[in-house]
Amino acid sequence: MGHKKKTSLKTTLQSQQIRLKNKEKAAHAAEAAELKTKHKGKGKAPALRPTIPFTPTDKILLIGEGNFSFAHALVIDPPLSLEHLPPSNITATSYDSEEECYDKYPDAKSKVDVLLERGAEVLFGVDGTRLEKCNALKKRLFDRVVFNFPHAGKGITDQDRNILSNQMLILGFLRSVVSCLAEGTIPTRNLSQKPKKPVDDDDDDNMNDDEDIDAPSPSTTQGARGTVLITLRNVPPYTNWDVPRLAKTPPKPASLGTPPNPNYKLLRSFVFHRKMWKGYEHRMTKGERAHGRGTTGEGGEDRTWEFCLKD
């Protein structure tokens with residue numbers, strides 16, 4: 001019985017991959033048509049400023065920090081709008097043990113030392129798919145839970161199996177993170193934003209909501225529920241993971257003993273500008289021991305999707 005359900009989950013995820021590939025073809029065609037139209041027009045639209053998805057009062061949980069360079073940027077040299085964010089509001093976690101982390105990322109220790117000196121919290125050995133098992137996080141709620149560039153890191157060469165492996169990681173994280181999210185009302189979007197269509201439309205996966213750098217986050221309202229932010233390259237194979245769909249309409253559990261995934265609401269998505277986070281460096285899951293530089297994901301942009309739990 002359990003085996004049958006597992007096959008069903010795999011089939012569901014694979015059918016999502018097929019749907020996504022067809023959608024990407026249509027998107028490329030639409031993009032080409034749009035570019036043609038733009039070339040015919042006169043002048044250029046003003047550049048939009050990067051979105052900063054935090055406020056100075058947020059309690060922030062960072063998952064899978066790697067060499068801790070994002071946490072370091074957030075504490076040491078954040079964007080102007082976050083200069084009053086207390087370091088004590090930040091909890092940065094690593095999947096690896098402390099020893100493994102420093103072995104993988106030789107520059108991590110100096111960053112961790114600075115974070116601790118400033119008053120931020122650093123935790124090692126934290127599995128993002130089993131957050132409820134972490135004693136240091138029990139009964140604690142956060143306004144933002146951030147997972148930048150998640151990857152299962154299993155080194156699977158078969159693309160379909162690799163995609164499935166990472167989808168299972170995302171589903172596990174989205175199921176586990178519920179215990180860490182602040183309760184409250186659904187965050188309201190900035191009134192200055194004028195989306196072309198309702199947020200829950202079927203094609204909202206790539207909503208482009210790049211806002212002004214000083215624009216308030218969509219959950220600045222007191223008493224708003226916590227949000228989840230997942231950042232990935234917005235090109236294949238990462239788009240094939242279909243993160244928005246996994247969050248909004250997750251497949252049924254693989255086995256009878258696994259609780260169902262919650263349904264999330266997509267609040268917005270926006271370009272993640274690495275240059276806004278001074279000193280931030282994306283690191284491979286396997287660390288610097290994996291010599292050389294891969295080409296996966298080149299040619300695309302970094303994009304963040306922000307979700308909250310549905311009612």
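Scope of the values below: all heavy atoms of this structure, side chains included, with no hydrogens, waters or symmetry mates.
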Task: ring-ring contact (aromatic ring centres under 6.0 Å, His included) against F124, all qualifying residues, sequence neighbours excluded - done: F68, Y102

TODO: Start with the C-alpha gap between L116 and V122, add the side-chain angles, then the distance that decides, and say whether side chain to side chain contact (heavy atoms under 4.5 Å, CB included) holds.
DONE: CA-CA 7 Å; L116 294 174; V122 175; 3.9 Å; yes

TODO: Report the C-alpha distance between L232 and V243 in whole Å, list the side-chain angles of each, state the deciding distance to 0.1 Å, and finish with yes or no for side chain to side chain contact (heavy atoms under 4.5 Å, CB included).
DONE: CA-CA 9 Å; L232 285 170; V243 169; 3.6 Å; yes

Task: I230 reachable from L266 in the ILVMFWY side-chain graph, under 4.5 Å edges - done: yes

Task: Flag, side chain of N263 to backbone of K248, donor-acceptor distance under 3.5 Å - done: yes

Task: Minimum heavy-atom distance between F147 and G64, given as atom pair plus value - done: CE2-CA, 4.3 Å

Open item on the list: Determine whether a donor-acceptor pair (N or O, by modelled atom type, separation under 3.5 Å) exists between the side chain of Q167 and the backbone of W241.
Closed with: yes

Open item on the list: Keeping N67 on the side-chain end and S69 on the backbone end, is there a donor-acceptor pair under 3.5 Å?
Closed with: yes

Task: Any donor-acceptor pair under 3.5 Å from H151 side chain to G153 backbone - done: yes

Open item on the list: For residues V126 and V145: do they belong to one hydrophobic cluster (side chain heavy atoms under 4.5 Å, members Ile, Leu, Val, Met, Phe, Trp, Tyr)?
Closed with: yes

- [ ] Could you tell me whether R225 and D311 have a side-chain N and a carboxylate O separated by less than 4.0 Å?
- [x] yes

Open item on the list: Just so I know, are the side chains of T129 and R175 near enough to count as touching, which here means a heavy-atom distance under 4.5 Å?
Closed with: no

Task: Heavy-atom side-chain proximity of L74 to L85 below 4.5 angstrom - done: yes

Open item on the list: Within the structure provided, determine whether L61 and L137 are in side-chain contact (heavy-atom separation under 4.5 Å).
Closed with: yes

TODO: Mind running side chain to side chain contact (heavy atoms under 4.5 Å, CB included) on I63 and E65 for me, showing each step along the way?
DONE: CA-CA 6 Å; I63 303 298; E65 263 298 272; over 6 Å; no

Task: Closest approach of I186 to C308 (non-hydrogen atoms, all atoms of both residues) - done: CG2-SG, 4.0 Å

Task: Any residue meeting side chain to side chain contact (heavy atoms under 4.5 Å, CB included) with N148, in chain and number order, not counting sequence neighbours - done: F70, V146, T231, F272, Y280

Task: Validation row: R144, L229 side chains within 4.5 angstrom (heavy atoms) - done: yes

Task: Minimum heavy-atom distance L115-A71, with the two atoms named - done: CD2-O, 3.6 Å

TODO: Flag yes if more than 12 heavy atoms outside E83 fall under 6.0 Å of its CD atom; otherwise flag no.
DONE: yes

Task: Contacts of type side chain to side chain contact (heavy atoms under 4.5 Å, CB included), residue Y95, not counting sequence neighbours - done: D127

TODO: Please identify each residue that fulfils side chain to side chain contact (heavy atoms under 4.5 Å, CB included) with V178, with sequence neighbours left out.
DONE: P262, Y264, L309

Task: Donor-acceptor contact below 3.5 Å, side chain T249 vs main chain R245 - done: yes

TODO: Kindly write out the residues that satisfy side chain to side chain contact (heavy atoms under 4.5 Å, CB included) with L141, not counting sequence neighbours, or none if the list is empty.
DONE: A182

Task: Atom pair OG (S110) and NE2 (H72), whose distance is rounded to the nearest 0.5 Å - done: 6.5 Å

Open item on the list: With rounding to the nearest 0.5 angstrom, report the CE to OG distance, M276 to S81.
Closed with: 7.5 Å

Open item on the list: For a quick check under 3.5 Å, do E132 and S176 share a side-chain donor-acceptor pair by atom type?
Closed with: yes

Open item on the list: Could you go through L123 and T91, starting from their C-alpha distance and side-chain angles, then the distance that decides it, and tell me whether this counts as side chain to side chain contact (heavy atoms under 4.5 Å, CB included)?
Closed with: CA-CA 7 Å; L123 301 174; T91 298; 3.9 Å; yes

TODO: For C101 and A108, work out which heavy atoms get closest and say how close.
DONE: SG-CB, 3.9 Å

Open item on the list: For the backbone of D96 and the side chain of S94, can you confirm whether one donor and one acceptor N or O come within less than 3.5 Å of each other?
Closed with: yes

Open item on the list: Does either side chain, that of N162 or that of N166, offer a donor lying less than 3.5 Å from an acceptor on the other one?
Closed with: yes

Task: Close side-chain approach of V114 to V75, heavy-atom, < 4.5 Å - done: no

Open item on the list: Can you tell whether the side chains of E306 and R268 come within less than 4.0 Å, N to carboxylate O?
Closed with: yes

TODO: Give the cluster check for W277 versus I90: same hydrophobic cluster or not, with ILVMFWY residues linked at side-chain heavy-atom distances below 4.5 Å.
DONE: yes

TODO: Quick one: closest heavy-atom pair of P56 and N89, and the distance?
DONE: O-ND2, 4.1 Å

Task: Polar side-chain atom of D143 near backbone of K59 as donor-acceptor pair, under 3.5 Å - done: yes

Open item on the list: When you compare the side chain of L181 with that of F307, does any pair of heavy atoms fall below 4.5 Å?
Closed with: no

Open item on the list: Measuring from atom CG of L131 to atom OG1 of T93, what distance do you get when rounded to the nearest 0.5 angstrom?
Closed with: 7.0 Å

Task: Qualifying residues under salt bridge (charged side-chain N to carboxylate O under 4.0 Å, His left out), relative to R140, sequence neighbours excluded - done: E121

Task: Spacing of CD belonging to E117 relative to CD1 belonging to I76, to within rounding of 0.5 Å - done: 8.0 Å

- [ ] Working to the nearest 0.5 Å, report the span between CG of L82 and CG of D77.
- [x] 11.0 Å

Open item on the list: I want to check something: taking the side chain as every heavy atom from C-beta on, are W305 and L267 in contact at a cut-off of under 4.5 Å?
Closed with: no

Open item on the list: Do L174 and P250 have side chains that approach each other closer than 4.5 Å (heavy atoms only, starting at C-beta)?
Closed with: no

Task: Atom pair CZ (R233) and CZ (F149), whose distance is rounded to the nearest 0.5 Å - done: 7.0 Å

